[in-house]
Protein chains: 2
Amino acid sequence: MTASGKHPGGIAFLLAQLGAHAANRFAERTADLGLAPSEVGLLRMIATQPGRSQRSLAEELGVVASRVTALVDPLERSGLVERRRSTNDRRNYELHLTDRGMQVLGRVREVAMAHEAELCEGLDERQRDELATLLRAVAEHQGLTPGVHPGYRA
Amino acid sequence: MTASGKHPGGIAFLLAQLGAHAANRFAERTADLGLAPSEVGLLRMIATQPGRSQRSLAEELGVVASRVTALVDPLERSGLVERRRSTNDRRNYELHLTDRGMQVLGRVREVAMAHEAELCEGLDERQRDELATLLRAVAEHQGLTPGVHPGYRA
DNA sequence: TATTGTTATACTCTATAACTATA
DNA sequence: TATAGTTATAGAGTATAACAATA
C-alpha cells in the first residue's frame, strides 16, 4: 500500500502510522526466522490450541478454507507443522506443532520481546503503563477482541 | 493479510491492532466517497503542493514511477485530478486538483474528523491529550516523519 | 546520454468455484 | 445431502524491464 490518508497530527493518524511501523518492524524481524507475519500468527494459534482443524482457523481468521490450505502448506513442508488425519472424523486434519515448530516459536517469542523493547525505548516505566492503559481503553471501546489482530481487509 | 503475530497485551501488539483497525475504518469511510486510502493520500499530496510531478510523488511514496501512473490514471478519469504538460520541461506533468477534486477533498476532511471522533469516543479530553503526547513521543523516537504514513511494505 | 512517464509482463496475495473424500 | 480440505482459475496490487518523448 502507499500513503494512507487520515488527518496528520490526530490520534487516528498516529495510531495508523505507528501501527504500520510496528507491523513492518515485526515482519522484518520474523523474516530473519524465515517466517511471514501470517505464519507466525498461525503457529501461535496452533500452539494455543493443538489439534484444531483448518476449518476452525479459517473461521477465526475470517478467511476462506483454500487460503488456510495455502498458509499451512509451506509450514508443513518446512517441518514446523504436522497434519494428522483425525481418527474420529477422517475428513479433517488435526494440526500440531512439531518439536522444531515449538523451537521456532520460542525464538519468535524472543523476537517479540526485543520488538516490544525497541518500540518503547523512548518512554520511561510510568509512561509505558500510562500508554498501555489508554490503548487498552480505546481498543475495548472500539470492540476489539484482546489478542486478535484484524489484519488489513477492505 | 491475516493475523499478525506480536505479543498479545504488549504495547507493540496494541499499536498494530489499533493501527489496523483505524486504517480499516478509515478505508470504509472513504470508500463511500469512491476513494481508496492510497487515492486520498495522493489527493492530499497534490493539494499541498499543486503542480508537482509524478516523479516527485514516486520518490515521496517510495514507489516506482509506473505505480504512480496507475494511481493517477483513475483519478484523472474520474475528473478529480488534471495532468498539465509542463511548459518548462515538456517531459513531465504538473498535477493539479480540479474544482471537483477540491470539493471531494473537503468531504474527505469531514470524514477524517468523524473518524477521529469515533476513535477517541472512549476517552475524555485529558486522556486524549495524554495519549496524543505519548504517541508523538514514540513516533519521534522511532524516527517517523510527522504526517507520513509508511504503508505496509516488506 | 539522462530523465519523465507509459506499456507490457510477471509475481504475489487472495477469493470463487469445481472437485475429492468422508460423513 | 452436507462438510473438510484441495486444486484450478481469476482478479487485485505492485514491481521490473523495455520503450517513447524530451532534454
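Below, chains carry the letters A, B, ... as their sequence lines are ordered, and counting in each starts from 1.
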Which is true for A/R85 with a 4.0 Å heavy-atom rule: it touches a base, it touches only sugar-phosphate, or it touches nothing?
-> nothing
If only side-chain N and O atoms of B/T69 are considered, is one of them under 4.0 Å from the OP1 or OP2 phosphate oxygen of C/dT6?
-> yes
According to a strict under-4.0 Å criterion, is A/R83 in side-chain N/O contact with OP1 or OP2 of D/dT6?
-> yes
Which of these nucleotides, C/dT6, D/dA15, C/dA15, is closest to any side-chain atom of B/V64?
-> D/dA15
How close or far is atom [atom2] of [N] from atom [atom1] of [X], stated in whole angstroms?
X	N	atom1	atom2	value
A/L71	D/dA4	CG	P	18 Å
A/L95	D/dT6	CG	C1'	14 Å
B/R52	C/dG5	CZ	C1'	16 Å
A/N92	D/dA2	CG	P	19 Å
B/L61	C/dG5	CG	C1'	16 Å
A/R67	D/dA8	CZ	P	17 Å
B/Q54	D/dA21	CD	C1'	14 Å
A/E39	C/dT12	CD	P	14 Å

Counterpart residues, side-chain hydrogen bond (donor to acceptor under 3.5 Å, both in side chains), relative to A/E130 (two or more places apart) | none
Residues two or more places apart in sequence or in another chain: which of them pass side-chain hydrogen bond (donor to acceptor under 3.5 Å, both in side chains) with A/S78?
-> none
Counterpart residues, side chain to side chain contact (heavy atoms under 4.5 Å, CB included), relative to [X] (two or more places apart):
X	answer
A/A117	none
B/T145	B/V148
A/D129	A/E125
A/R100	A/L80, A/T98, A/Q103

According to a 4.5 Å side-chain heavy-atom criterion applied to Ile, Leu, Val, Met, Phe, Trp and Tyr, with indirect links allowed, do A/M45 and A/M102 form part of one hydrophobic cluster?
-> yes
If a pair satisfies salt bridge (charged side-chain N to carboxylate O under 4.0 Å, His left out) and one of its residues is in residues 80-91 of chain B, list it, with sequence neighbours excluded.
-> B/D73-B/R83, B/E76-B/R83, B/E82-B/R84, B/D89-B/R91
Base, backbone or nothing for each nucleotide of nucleotides 17-23 of chain C, written B, S, -, heavy atoms under 4.0 angstrom, 5' to 3'?
-> -----BS
Extract the stems that DNA chain C is part of, considering only consecutive pairing runs of at least three Watson-Crick or G-U wobble pairs, both distances under 3.5 Å.
-> C:1-23 with D:1-23
Flag the pair A/E28 and A/R25 as a salt bridge only when some basic side-chain nitrogen lies within less than 4.0 angstrom of an acidic carboxylate oxygen.
-> yes
